[in-house]
Amino acid sequence: MRLPGGILRDGARRRDFAFRPLTGVVELALAEAAGTGASLPAKVTAALAATLEHVGGESPLPATVAGLSVADRQVLMGRLAMGLGLGESWLSADCARCGERFDFSVHHSDLPVKEAGEGYPFAEVETSLGPCRFRVPTGADQQAIAEMGDGEALRLLVARCLVARPGGCGAGGDFTPADLARIEAALETVAPEVAVSVQAACPACGTTHVIEVDPYRALFRYSGWDLLQEIHILAATYHWNEAEILALPQERRRRYLELIDRARGMAR
């Protein structure tokens with residue numbers, strides 16, 4: 001799988017990526033990223049920087065990861081979740097028609113992804129101030145506006161995404177509502193997108209509902225506490241130090257834990 005957007009370097013778009021082997025070191029880094037008090041975009045940046053091997057042919061430095069489009073980051077978090085065994089989620093909803101509560105599963109690998117449009121990551125927009133060029137929003141933009149109200153956030157986002165050109169075309173606060181609508185439409189045309197909602201029918205009455213899916217579920221469904229417990233058991237049993245245990249691939253670590261459980265069961 002490739003990124004739907006990617007990184008533009010020297011006129012070429014790089015869309016390749018790879019994650020680091022899933023060891024305890026990577027799992028602990030992910031858990032620590034999720035456990036910080038930072039904003040959600042900052043947590044996503046920290047999680048991807050800690051777990052990626054490379055992205056777009058570059059090292060996954062925080063600045064590089066933050067500079068990815070929003071959809072690219074969502075795709076990467078989805079792939080990370082699948083690598084952690086979280087590719088399927090069970091969701092619950094209350095039917096708005098009959099009130100019945102129902103459960104349904106979502107396979108995140110099946111969520112539609114829209115590829116970037118022609119001209120990505122830029123869009124040309126004719127505004128009341130003249131022709132302007134904008135780039136699609138990134139994780140860094142999300143982080144910059146994370147604590148702002150809607151109006152203030154929109155003005156800053158437009159200003160950040162505005163690409164300077166000869167003659168200029170004003171700051172984010174100088175555009176009219178009609179300008180902002182055209183800017184949004186133009187960016188939606190070129191920006192990649194990931195589906196963040198699914199349709200599910202109530203089994204009792206058949207009413208179809210649109211249910212939101214969390215693209216960042218890997219941050220909240222993976223606890224470092226479980227890993228620390230595993231380290232404790234392995235250290236107490238085999239007398240390995242933490243670094244040795246964290247260096248083990250997840251699958252091998254789980255096999256040792258199964259052997260320990262089996263030995264304990266035979267001793268009873």
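Model, not experiment: these values are computed from the prediction. Values below: all heavy atoms of this structure, side chains included; hydrogens, waters and symmetry mates excluded.
- The two residues Ala47 and Leu30 have their closest heavy-atom pair at CB-CD1, 3.6 Å.
- You'll find the side chain of Ile211 reaches within 4.5 Å of the side chain of Phe104, heavy atoms only.
- The minimum heavy-atom distance linking Ala38 with Ala42 is given by the pair CB-CB, 3.7 Å.
- Of all non-hydrogen atoms in Arg217 and Ser89, the two that sit nearest each other are CD-OG, 3.7 Å.
- The side-chain heavy atoms of Tyr120 and Leu8, taken from C-beta on, include no pair separated by under 4.5 Å.
- Residue Leu111 is not grouped with residue Val44 when hydrophobic side chains (ILVMFWY) are merged at heavy-atom distances under 4.5 angstrom, including chains of intermediate members.
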### Task
Under the side chain to side chain contact (heavy atoms under 4.5 Å, CB included) rule, what do Tyr216 and Gln74 come out as? Steps first, then yes or no, please.
CA-CA 7 Å; Tyr216 308 115; Gln74 291 174 338; 3.4 Å; yes
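- Taking a cutoff of 4.0 Å between a charged side-chain nitrogen and a carboxylate oxygen, Glu258 and Arg255 qualify as a salt bridge.
- Cluster membership check: Leu80 shares its hydrophobic cluster with Leu40, using side-chain heavy-atom separations under 4.5 Å among Ile, Leu, Val, Met, Phe, Trp and Tyr.
- Taking all atoms of both residues into account, the shortest heavy-atom contact from Pro137 to Leu157 is CB-CD1, 4.1 Å.
- Separation of atoms CZ (Phe122) and CZ (Phe134) is listed at 12.5 Å; rounding is to 0.5 Å.
- If you chain together hydrophobic residues whose side chains sit under 4.5 Å apart, Ile233 and Leu28 fall into the same group.
- Scanning both residues, Thr127 and Arg182, for their nearest heavy atoms gives CA-NH2, 4.2 Å.
- Here OG1 of Thr64 is found 13.0 Å from NE2 of His54. Values are rounded to the nearest 0.5 Å.
- Between Glu58 and Arg9 there is a salt bridge, with a side-chain nitrogen of the basic residue lying less than 4.0 Å from a carboxylate oxygen of the acidic one.
- Interatomic distance, Ile245 CD1 to Glu230 CD, rounded to the nearest 0.5 Å: 10.0 Å.
- Thr45 and Arg73 share a side-chain donor-acceptor pair at under 3.5 Å.
- The cluster map of Ile, Leu, Val, Met, Phe, Trp and Tyr, joined by side-chain heavy atoms under 4.5 Å apart, puts Val213 and Met77 in different clusters.
- In this structure, CE on Met1 lies 8.5 Å from CG on Leu76, to the nearest 0.5 angstrom.
- Scanning both residues, Phe19 and Thr51, for their nearest heavy atoms gives CD2-O, 3.4 Å.
- Using bins of under 30°, 30° to 60° and over 60° for the plane-to-plane angle, the ring pair Tyr238/Trp240 lands in the parallel bin.
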### Message
The test is side chain to side chain contact (heavy atoms under 4.5 Å, CB included); show your working for His108 and Leu86 and say whether it passes.
### Response
CA-CA 9 Å; His108 297 277; Leu86 303 174; over 6 Å; no
Listing, residues 138-150 side-chain donor-acceptor contacts under 3.5 Å, not counting sequence neighbours, or none:
from, atom 1, to, atom 2, distance (Å)
Thr138, OG1, Ala140, N, 3.3
Thr138, OG1, Asp141, N, 3.4
Thr138, OG1, Asp141, OD2, 3.2
Asp141, OD1, Arg135, NH2, 3.1
Asp141, OD1, Arg160, NE, 2.6
Asp141, OD1, Arg160, NH2, 3.1
Asp141, OD2, Arg135, NH1, 2.7
Asp141, OD2, Arg135, NH2, 3.4
Asp141, OD2, Thr138, N, 2.9

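- To the nearest 0.5 Å, atoms CD (Gln250) and CZ (Arg253) are separated by 5.5 Å.
- In this structure, Arg252 places its CZ atom where only 12 or fewer heavy-atom neighbours from other residues, nucleotides or ligands lie under 6.0 Å away.
- Counting heavy atoms from C-beta on, the side chains of Asp16 and Leu3 never come closer than 4.5 Å.
- Considering only residues two or more places apart in sequence or on other chains, Glu115 meets the salt bridge (Lys or Arg N to Asp or Glu O under 4.0 Å) condition with Arg15.
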Give every donor-acceptor pair under 3.5 Å between a side-chain atom in residues 183-210 and any protein atom, sequence neighbours left out.
from, atom 1, to, atom 2, distance (Å)
Thr189, OG1, Ala185, O, 3.0
His209, ND1, Thr207, O, 3.1
His209, NE2, Ala96, N, 3.1

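- Inter-residue side-chain proximity for Ser105 and Glu88 is flagged as met; some heavy-atom pair is nearer than 4.5 Å.
- Between the side chain of Arg20 and the backbone N or O of Ala50, at least one donor-acceptor pair lies under 3.5 Å.
- One finds the CG atom of Leu180 at 8.0 Å from the CZ atom of Phe175 (value rounded to the nearest 0.5 Å).
- The side-chain heavy atoms of Val158 and Asp179, taken from C-beta on, include no pair separated by under 4.5 Å.
- In the hydrophobic clustering of ILVMFWY residues, with side-chain heavy atoms under 4.5 Å counting as a link, Met82 and Leu91 come out apart.
- Counting only distance, with no hydrogens or angles, the side chain of Asp94 and the backbone of Gly99 share no donor-acceptor pair below 3.5 Å.
- Two residues are said to be in side-chain contact when any heavy atoms from C-beta on lie closer than 4.5 Å; Glu244 and Leu234 fail this criterion.
- Looking only at distances, a side-chain donor or acceptor of Arg13 sits under 3.5 Å from a matching main-chain atom of Gly5.
- The shortest side-chain heavy-atom distance between Ile7 and Leu68 falls under the 4.5 Å cut-off.
- Here the side chain of Lys43 pairs a donor or acceptor atom with the backbone of Ala34 at under 3.5 angstrom.
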